[in-house]
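To start, the structure itself, in structure tokens.
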Amino acid sequence: GYEILSRKVCKLHPITDHCVLGSAGCKTDVDQLRSVLDINMKIYSHNHRKPMATPSVAQMLGNTLYYKRFFPYYAFNVLGGIDAQGKGAVYSYDAIGSFERTPYSATGSGQAYIIPLLDNVIGHKNRLDPQRTLEKEEVVEIIKDAFVTAGERDIYTGDSLDIMVITKDGIQKSTFALKAD
Amino acid sequence: QHSKTTTMALQSHHTRRGIPPRMLFLFLFAICGLVGAQQQQDPTTLNGGSVLAMAGDGCVALAVDKRFGSGPQMVNIAPRHVLMPHPKLMVAFTGLEGDIQSLSQTLSIEVNSKHNRAMGFMSSSTSSRTISPRAMATLISHILYGRRKAPYYVEPLLVGLKDGEPFLCSYDLIGAQSRSQAFCVAGVASKSLYGTAEALWRPGLTSEELVQVCGKAFLSALERDCLSGYGAIVYLITSDGVSEYDLACRND
């Protein structure tokens, strides 16, 4: 209910060097889902002698979730990575594996606070000024702002923020402190 | 002859087959239960609608949407009902439309009768003595709490300007006040509105900036909510008066 069980649980899980899975929902189902994905990743890399590309991971995650269509994983996922063309890819999922590639996504208890903000700032909706491409550092600052906003109004969001920036060179992880209330 | 009669009598006395009356009663009751057991509609979200109020430097902005629906079905596009007792005070309502109409009528009558008692019954409603935002806030609270046991399913939002100072107040359905010097939200898209308003508001906004920020925050939140939308109107209250801005957005 309202109790805090930990202030430091990381909700991001690197699947390959170019792909990170973020999950919200029931932690035990999330852990099990990650376990299943990791095993399938290993089998793939043994069979094909290369790591899985991000769109393939996306499809596999969708299939894994649908496999449990009638007793679902209570896990709400967002997959982020670099696709085969070197461009950024974000995929949003529901609990039973319906997924779509989107420019940005958010899930969890603070989702309603964050998504409209991303619509305005990243999707450039409802704005009259000319759109420009955003630099990596700018986007990280926008994400920090979004989580500070969600942390203000959502009781379940806060304590600490983990940011993983995925580029063709790999994953850079950083931590940002949020209000501990 | 006697044996024939006896045989016929025996034949006519057959066992009654069919559903026993008790079973029939239970069966019909179950069917009625299944057919009648629809999900109760939530009065606070049935008609949809959202409002946002923001404070700037000596000015306040109030954004209201235009959707009136019955669940997922849109019924009418008309700006939300906003009361304006005088040009420095506005009250917007979200929630169940029927209760909104009742409450706004009751509120108008109360404000007018207070004005008449204070100023005499012949003075016009635009005379120099006008109801202050704090008095109006308390009045709304009392009217809502007066119906504590059978509440108005309405969440009003009060915006006012008192001596150049903004006054914002939102309520829950039984009259608890929530004041802020920054912004107040109400309606079905309130979560999304909290997100955009929290991120985009900053202190010391001028009136032009305030309209931009309020409009942007409102439209971004509305587009993600299916029960609000079909356009927005932003009212800007400054010491010079009230201006109205009609914003276009996705009509779905």
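Heavy atoms only: backbone and side chains are in, while hydrogens, waters and symmetry mates are out. All values derive from a computational prediction rather than experimental measurement.
- At most 12 non-hydrogen atoms from other residues, nucleotides or ligands lie less than 6.0 angstrom from CD of A:Glu135.
- Residue B:Glu223 touches chain A through its side chain alone, counting heavy-atom pairs closer than 4.5 Å.
- Distance OG/B:Ser192 to CD/A:Gln111: 9.0 Å, rounded to 0.5 Å.
- Note that NZ of A:Lys125 is 14.5 Å distant from NZ of B:Lys216, once rounded to the nearest 0.5 Å.
- Of the atoms belonging to A:Leu117, heavy atoms from both backbone and side chain fall under 4.5 Å from chain B.
- For A:Asn120, the parts lying near chain B are the backbone and the side chain together; criterion is any non-hydrogen pair under 4.5 Å.
- With a 4.5 Å cut-off on side-chain heavy atoms, B:Arg224 and A:Asp119 count as touching.
- The structure places CG of A:Asn126 at 10.5 Å from OG1 of B:Thr196, a figure rounded to the nearest 0.5 Å.
- Heavy atoms of other residues, nucleotides or ligands lying less than 6.0 angstrom from CZ of A:Phe147 number 12 at most.
- Here the closest non-hydrogen pair linking B:Gly195 and A:Thr149 is O-CG2, 3.0 Å.
- Under a cut-off of 6.0 angstrom, the local environment of CZ in A:Arg101 is crowded, with over 12 non-hydrogen atoms contributed by other residues, nucleotides or ligands.
- The pair B:Glu198-A:Arg153 counts as a salt bridge, with a side-chain nitrogen and a carboxylate oxygen less than 4.0 angstrom apart.
- By the 6.0 Å contact criterion, CZ on B:Arg250 is open, its count of non-hydrogen atoms from other residues, nucleotides or ligands being 12 or less.
- When all heavy atoms of B:Lys191 and A:Ser109 are compared, the closest pair comes out as NZ-O, 4.2 Å.
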